Amino acid sequence: MSFPLLTATAVVPALGAVATAAVPAAKRTAAKWLALIVSLATLALAITVLVRFDPDGGRYQLTESHAWIADFGVRYELGVDGIAVALLALTALLIPFIVLAGWHDADPLETGSRRWRPTQGFFALILAVEAMVIISFEATDVFLFYIFFEAMLIPMYFLIGGFGDRAHEHGEAAASTQRSYAAVKFLLYNLVGGLIMLAAVIGLYVVAGNFSLQEIAQARANGSLHMATSTERWLFLGFFFAFAVKAPLWPLHTWLPNAMQESTAPVAVLITAVVDKVGTFAMLRFCLQLFPEASKWATPVILVLALISIVYGALLAVGQRDIKRLVAYASISHFGFIVMGIFAMTNQGQSGATLYMVNHGISTAALMLVAGFLISRRGSRLIGDYGGVQKVAPVLAGTFLIGGLATLSLPGLAPFVSEFLVLVGTFTRYPVIGVIATFGIVLAALYTLVLYQRTMTGPVKPEVSAMPDLRVRELVVVTPLIVLLIFLGVYPKPVTDIVNPAVKQTMSDVHKTDPKPEVEAAK
């Protein structure tokens, strides 16, 4: 039997989480190094998956299938297509940077009135989330996917509620209350979505008789499995609701600003650059593939919701006083673009949406981690508490600027290509939606440049006059992300070559082709 490579990519961080948690309390540094080594080992496995994957090969590759709960048709089935490979690589790439960026975030607090922060638990939880996210990208059994889709909520709950940001203007008691509120809100929103999805998963089993994504999709394609129109629509809504909460899509987004505000910067990156991608990925893998007709039926409403997310998120980002909440609302706007690209039902739109998931993960990680370094120096998340930082910490300011410019999709940086593809792909089928969505770009330029102007330029405030520039560890975190933003901005072909065949297969699932130009080219 061949080596179970996909299983290994999830088992290594899972075992690493257990080993990290078991490190003696006095060996905090050893726990950190162990977590970093495990994350790098997982990255090496992800690179192996990337190398072995053939974009021109079969739809699902490196497959594994084993009996699990045979009486209920549940199997341990894994397989990756181009979209899953791209997001698997993104996840494995970001976790080492998250670990390095959070190197001191869970160290014991010096003030006697504050609680002990278990360092080992912090890094173990990060590795646990990585394992669950990875297997969610790999699962081709619907029930297996559902288990880990829900299970990742548990470590995320403790990361938000137990290891929140130390920078709080109202003191530790208020900070603890706000962290608890954010963690509970995150958990409740996602649990409600998950329970609704569970009902849909059970309904799918009643109709199909098994949970295998490939078998159900094949049966639907050859006509041996027929769903009543109403049944398909209800099942689609059950799946989509859970994915829209995770994504997050307006109006199910309100948990995200609280969660990101109260989390440490690395955990905020884990939320929006890693965990939330499971929601948009699942729309492509499960909604469109299992329920093609219902997906087309719901498209007009979903596009309107995506458009509201784009404009609403950007407008609220403009008015934020808190740096982390600004990035959170910007992410809501960006996820609106991703969902819009998915349901535009064009090759360009879906390729752009998949590329956007990758590029948004890198750009948000760069911006939020640098913002975290800034906040840790000043001890405040409020934009008004900064000013003139570029004069005392030019490298920090420069990397912050590049991350911000990537967020507003400046040409030459990675998100521009994906946002352009999404808009073009949407415009060809829904021109009014595409035109209105461009206002999100204008607003992105406004909130990004205003954020930079208020924090980095102007007179140097006394509180930041002695602020140190980026240290070696911080440069190791930020520099590769900046290089990737520039490289994928000028040469996105390595990613598009991987995802485009999978996008074409998804378009075939929903029986859609790109609309022909209304005006023929002049001969």
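Residues: numbered from 1 along the sequence shown. Fair warning: this is a prediction, and the values are worked out from it, not measured in the lab.
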For Phe343 and Phe240, I'd like to know if the aromatic rings sit close, meaning centre-to-centre distance below 6.0 Å.
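Yes, the ring of Phe343 comes within the 6.0 Å limit of the ring of Phe240, centre to centre.
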On a heavy-atom basis, which atom in [X] and which in [Y] lie closest, and how many Å separate them?
X      : Y      : value
Gln350 : Ile342 : NE2-O, 3.0 Å
Ala46  : Ala92  : CB-CB, 3.5 Å
Leu355 : Pro492 : CD2-CB, 4.3 Å
Ala31  : Thr20  : O-CG2, 3.8 Å

Is a donor on one side and an acceptor on the other found under 3.5 Å between the side chain of [X] and the backbone of [Y]?
X      : Y      : result
Asp81  : Arg59  : no
Ser295 : Phe291 : yes
Thr272 : Ala268 : no
Arg429 : Met345 : yes
Thr364 : Gly361 : no
Ser39  : Leu36  : yes
Ser333 : Gly313 : no
Glu419 : Tyr356 : no
Glu64  : Leu6   : yes
Ser136 : Phe145 : no

I need the [X] [atom1] to [Y] [atom2] distance, nearest 0.5 Å.
X      : Y      : atom1 : atom2 : value
Asp276 : Met260 : CG    : CE    : 8.5 Å
Leu34  : Lys27  : CG    : NZ    : 13.5 Å
Met283 : Lys246 : CE    : NZ    : 11.5 Å
Leu159 : Glu262 : CG    : CD    : 14.5 Å
Phe239 : Arg285 : CZ    : CZ    : 13.0 Å

Set out, in order, the CA-CA distance, both residues' side-chain angles and the distance that settles side-chain contact (heavy atoms from CB on, under 4.5 Å) for Ser309 and His253, then state yes or no.
CA-CA 9 Å; Ser309 290; His253 67 284; over 6 Å; no
Going through the distances and angles, do Phe97 and Val269 end up as a side-chain contact (heavy atoms from CB on, under 4.5 Å)?
CA-CA 10 Å; Phe97 297 128; Val269 171; over 6 Å; no
Hey, does [Y] have a side-chain heavy atom less than 4.5 Å from the side chain of [X]?
X      : Y      : value
Phe149 : Leu153 : no
Tyr76  : Asp141 : no
His334 : Thr407 : yes
Ile498 : Leu50  : yes
Met156 : Val267 : yes

Students often mix this up, so state it plainly: with edges at 30° and 60°, are the rings of [X] and [Y] parallel, tilted or perpendicular?
X      : Y      : answer
Phe243 : Phe286 : tilted
Trp255 : Phe186 : perpendicular
Trp103 : Trp33  : perpendicular

Donor + acceptor pair across side chains of Glu293, Thr229 (<3.5 Å):
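The answer is no; no qualifying pair exists.
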Looking at Ile83, Leu249, Ile338, which hits side-chain contact (heavy atoms from CB on, under 4.5 Å) with Thr280?
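Testing each of Ile83, Leu249, Ile338 against Thr280, the sole residue satisfying side-chain contact (heavy atoms from CB on, under 4.5 Å) is Ile338.
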Verify the neighbour count for atom OH of Tyr181: are there more than 12 heavy atoms of other residues, nucleotides or ligands below 6.0 Å?
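Atom OH in Tyr181 is not crowded, with 12 or fewer foreign heavy atoms closer than 6.0 Å.
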Should the heavy atoms of other residues, nucleotides or ligands under 6.0 Å from CZ of Phe143 be counted, would the total exceed 12?
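No, CZ of Phe143 has 12 or fewer neighbouring heavy atoms, counting only those of other groups under 6.0 Å.
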side-chain contact (heavy atoms from CB on, under 4.5 Å) partners for Thr63, two or more places apart
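Thr63 satisfies side-chain contact (heavy atoms from CB on, under 4.5 Å) with Tyr60 only.
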Passes side-chain contact (heavy atoms from CB on, under 4.5 Å), Val495 versus Val499? Steps please.
CA-CA 6 Å; Val495 181; Val499 304; 4.3 Å; yes
Between Leu94 and Leu270, is a side-chain contact (heavy atoms from CB on, under 4.5 Å) present by the stated rule, with each step listed?
CA-CA 8 Å; Leu94 291 181; Leu270 189 65; over 6 Å; no
